[in-house]
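Everything numeric here is computed off the predicted structure, so don't read it as measured data. Just the heavy atoms: all of them, side chains too, but no hydrogens, waters or symmetry mates, feed the values below. Here is how names work: the chains are called A, B, and so on, in the same order as the sequence lines, proteins then strands, and each is numbered from 1.
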Number of protein chains: 2
Amino acid sequence: MARRSDHTREELQEMALSAAETLLDEQGGAALSTRKVASAIGYSVGSLYLVFKNLDDLCWQINARTLDGLTQTLEQQSTDQPPRDRLKAYANAYLDYAREWSHRWALLFDHSTDEGDAPEWLQEKIAALFGLVEIDLAELYPNEKPEDITLAARTLWGGVHGITQLKMRDKLFFGGDSAAQRMTDSLIDRYLDGWSHAEDNAKGDAE
Amino acid sequence: MARRSDHTREELQEMALSAAETLLDEQGGAALSTRKVASAIGYSVGSLYLVFKNLDDLCWQINARTLDGLTQTLEQQSTDQPPRDRLKAYANAYLDYAREWSHRWALLFDHSTDEGDAPEWLQEKIAALFGLVEIDLAELYPNEKPEDITLAARTLWGGVHGITQLKMRDKLFFGGDSAAQRMTDSLIDRYLDGWSHAEDNAKGDAE
DNA sequence: AAGTTAATTGAACAGTGTTCATTAGGTTGA
DNA sequence: TCAACCTAATGAACACTGTTCAATTAACTT
């Protein structure tokens, strides 16, 4: 067959990504293969290469969607609460998302191209995620320099990410299901308290 | 050839692991293959399967060695300093180790068996790493319940791990080379300050 | 109806992990 | 000394993988 034009390029791409995600959810990242995706959408292997540069490209595009979903989930958290609670809600949502889409989450952070870094647009999406945290921190510490807010956001969120990762890989072995959330709560509370404490001292010294 | 007995099983295993590590360091985890390892040590593919259950097993054994090296590095940090400084030194050493052995470090945390968890002995090694942190925290907060120390150690070290991972994957994009260390310092200082703060409050309330 | 075009194919190639019947070097016993 | 045995070591075979690209053929044009 040739020139079927059953689907546009965009449709083909969407079908492939969707099929790949299903495969990923059901069988994990190791099971992702071009032949399986192709046969799942009723096209041949070669057709995938009309729409994706290679399997790596397909993975990055899945990652982009995963990251979009994650960002959306975080954004859906109620804004009608104090920044500190919202940060905790973010962390919780982050943990839940990783739990619900464990294979997608694993692909997002495990997958690394042989050569070169993640694509730019992916990096921008991650930056946007950090941005959410920065907003809350800026609200909590309006007198802080922007650079310090940026550093704090990355520190705090790096921490949440690390806890999530260890949890996902069963390398926490402590305290059952609720442990991870207790840890992110503890992290956020103590980090913010420690920060306030330092600010108070600074003020005290200045005056 | 057969029955050469040039090397014992133990020697063969050591040769294979060592060759695999070299391959890993030079070409990354994706380049690790049974045929390459076999040819590097002058044996055939089949011989590897006399010593390792499969490639996964070989990877786990590399990971064990990586984790041992990491633990040793941390243990070499001077004990002749206050617990807080030692914790920072640990975090620093952790970052340095990940930087120096980036491919080994990536294999350690990316590699996940298709089915089932990491082997038990690996989990014990990780627990031992957490133990180092617990010692310092217990020294800092002698009145804290052991369970709280355990949780805090995992929280803090999960955070350091997360920062390290984002750094390694270039997903921090902030502040150049020194950023990661500034972040772990910030994390440890603020977390400990926040903890002390909370303890003071608790004491104040009680009295 | 014949010609043109390009969407789609799938065989081919080079690689992968894993298995296991075969082989050949070392050891043993006569 | 030499045949018998044993077993460490092999590497061909199998079923997979990603990727390419000449060949095919359905649909459009004339």
Side-chain angles (χ1 to χ4, degrees), chain A residues 1-17 19-21 23-24 26-63 103 107 110-116 119, chain B residues 1-17 19-21 23-24 26-63 103 107 110-116 119:
Chain A
M1 287 138 271
R3 197 79 173 269
R4 309 189 318 194
S5 296
D6 288 346
H7 305 98
T8 65
R9 286 285 130 107
E10 286 73 28
E11 284 169 335
L12 197 72
Q13 174 161 350
E14 174 54 38
M15 287 162 66
L17 285 173
E21 280 170 342
L23 205 58
L24 177 61
E26 286 171 358
Q27 298 182 238
L32 260 187
S33 85
T34 52
R35 283 170 176 82
K36 281 184 195 159
V37 171
S39 89
I41 61 173
Y43 275 79
S44 71
V45 219
S47 295
L48 284 185
Y49 287 82
L50 301 171
V51 172
F52 303 101
K53 220 176 114 253
N54 49 34
L55 185 64
D56 232 48
D57 181 29
L58 190 153
C59 286
W60 284 122
Q61 296 205 30
I62 292 177
N63 285 342
H103 288 139
L107 188 72
D110 291 357
H111 188 73
S112 57
T113 316
D114 288 344
E115 303 282 335
Chain B
M1 288 141 269
R3 197 78 173 272
R4 310 187 320 193
S5 294
D6 287 347
H7 305 98
T8 65
R9 287 285 129 109
E10 285 73 29
E11 284 170 337
L12 196 71
Q13 174 162 347
E14 173 55 39
M15 287 162 66
L17 284 173
E21 281 170 342
L23 205 57
L24 178 60
E26 286 172 357
Q27 300 182 238
L32 260 187
S33 85
T34 51
R35 283 170 174 82
K36 281 184 194 159
V37 171
S39 89
I41 62 173
Y43 276 79
S44 71
V45 217
S47 295
L48 284 185
Y49 287 82
L50 301 170
V51 172
F52 303 101
K53 219 175 116 258
N54 48 35
L55 186 65
D56 231 48
D57 182 28
L58 190 152
C59 286
W60 284 121
Q61 296 204 32
I62 292 177
N63 285 343
H103 288 139
L107 189 72
D110 290 358
H111 187 74
S112 57
T113 316
D114 288 342
E115 303 281 336

Please report, rounded to the nearest Å, how far the C1' atom of C:dT16 is from the CG atom of B:Leu23. 14 Å
In whole angstroms, how far is the C1' atom of D:dA9 from the CD1 atom of B:Ile41? 12 Å
Counting just side-chain N and O atoms, does B:Ser44 come under 4.0 Å of either OP1 or OP2 of D:dA9? no
Closer to the 5' end of DNA chain D via nearest nucleotide, is it A:Gly46 or A:Lys36? A:Lys36
Can you see if the side chain of A:Ser33 gets near the phosphate of D:dT17 - specifically, an N or O under 4.0 Å from OP1 or OP2? yes
Mind checking the CD-CG spacing from A:Gln13 to A:Leu50? Nearest 0.5 Å is all I need. 11.5 Å
To the nearest 0.5 Å, tell me how far B:Ser47 OG sits from B:His7 NE2. 11.5 Å
To the nearest Å, give me how far apart CZ (B:Arg35) and C1' (D:dG11) are. 10 Å
On the nucleotide D:dA9, are OP1 or OP2 found under 4.0 Å from the side-chain N or O atoms that B:Ser47 carries? no
Please state how far atom CG in A:Leu50 lies from atom C1' in D:dA22, giving the value in whole angstrom units. 14 Å
Under 4.0 angstrom, heavy atoms only, what part of the nucleic acid is B:Leu32 near: base, sugar-phosphate, or nothing? sugar-phosphate
What's the spacing between A:Leu58 CG and A:Lys53 NZ if we round to 0.5 Å? 12.5 Å
Length of the CG-P vector between B:Leu48 and C:dG17, whole Å: 10 Å
How close or far is atom P of D:dT10 from atom OH of B:Tyr43, stated in whole angstroms? 7 Å
Rounded off to whole Å, could you give me the CG-to-P distance for the A:Asp6 and D:dA27 pair? 8 Å
Examine C:dT8: is either OP1 or OP2 under 4.0 Å from a nitrogen or oxygen in the side chain of A:Arg9? Give yes or no. yes
D:dG18 phosphate, OP1 or OP2: any side-chain N/O from A:Thr34 under 4.0 angstrom? yes
Does OP1 or OP2 of D:dG18 have a side-chain N or O of A:Tyr49 closer than 4.0 Å? no
B:Gln13 CD to D:dA9 P: how many Å, rounded? 14 Å
No-hydrogen, no-angle side-chain donor-acceptor test under 3.5 Å, A:His111 and A:Asp56: yes
side-chain contact (heavy atoms from CB on, under 4.5 Å) for A:Leu55 and A:Val37? Distances and angles first, verdict last. CA-CA 10 Å; A:Leu55 185 64; A:Val37 171; 5.9 Å; no
